[in-house]
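In what follows, a single structure is set out as structure tokens and then discussed.
Numbering of ligands and ligand atoms starts at 1, following listing order. Position 1 is the first residue of the sequence, and the numbers go up from there. All heavy atoms count here, side chains included; hydrogens, waters and symmetry mates do not.
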Amino acid sequence: MRNFISVSDIGPLDRAVAEALEVKANRFAYKHLGENRTLMMIFFNSSLRTRLSTQKAALNLGMNVIVLDVNQGAWKLETERGVIMDGDKPEHLLEAIPVMGCYCDIIGVRSFARFESKEDDYQEKVINQFIRYSERPVFSMEAATRHPLQSFADLITIEEHKTVDRPKIVMTWAPHPKALPQAVPNSFAEWMNATDYDFVITHPRGYELDPRFVGNARVEYDQDKALAGADFVYAKNWSAFADPDYGKVLSTDRSWTVTAEKMALTNNAFFMHCLPVRRNMIVSDDVIEGPRSLVIPEAANREISAQVVLKRMLEDL
Ligand code: CP
């Protein structure tokens, strides 16, 4: 594997899940692969799970790890070419990227949508510059439009818990006070569409995702109807995608919060969320703390999804 940006980089999903389960059972069996290899993790945005799970995965593989928080201690980076750099940014990404590449073998990048330009966000301007200029394999630790390590962990978690071959998976929008990117729901939709699951997306009108990610999913605007018979409920907030509202919060309607009453409409569904989650906005305390909540197993599987990706990259160095 050279780069890992989307589901298309992982190959057949059944093989990826089988490899993940094998790695999970023998996570220190590949320590030789990372000997004298260095992972550099570059964060333009905050993280708890991605930071810790990816670092743990690299350590499992015997790698050295360097973590750079760009906004804490590094020079502030200019990302636009052609800018006269007479402002507060002393270094350009176009020098910083190849310099970072000199010190490592693999680069992970977290760079969220900025909501300044939909075109820049959806062209994945930042991570694509790392791919182009670092001369190193690059993987996404959540970019502007996708979060593939999360989606891979979600898929592993569903495969571990499903009781029928073709479970009904419902991804539901839920309220949140701030404008969040579409990366997690886009990515989850992309990965679910690559399976043969029965996949439904539900959200209030105005929250339609990019059709390229919605793909063949059924879109149902009535959340109660969507939840009927669900085997897994995947809750997530996202801001509007469609113009002229790109990046805006259009609703904080708490009738969309996933509560015990909502879960009672399902087929005793498991509850999923990538975390961090705002309790009693996205999900009620009793649901997230309940016996069908998978939020902790999902987070635990982030170590496994990261380890499979790093393992494949190391094998191809
Ligand atoms: N789910 C996830 O990516 O968590 P962090 O933002 O804490 O890394």
Gln182 and Asp121 side chains, donor-acceptor separation under 3.5 Å = no
If you measure only the distance, is there a donor-acceptor pair under 3.5 Å linking the side chains of Asp253 and Ser251?
-> no
Can you tell me if Asn193 and Asn216 form a side-chain donor-acceptor pair at under 3.5 Å?
-> no
Quick one: does Phe232's side chain get under 4.5 Å of Lys162's, heavy atoms only?
-> yes
Hey, do the aromatic rings of His203 and Tyr221 have their centres closer than 6.0 Å?
-> yes
Judged by modelled atom types alone, do Thr50 and Arg302 share a side-chain donor-acceptor pair under 3.5 Å?
-> yes
Can you list, by chain and residue number, every protein residue with a non-hydrogen atom closer than 4.0 Å to ligand 1?
-> Ser47, Leu48, Arg49, Thr50, Arg110, His147, Gln150, Cys274, Leu275, Arg302
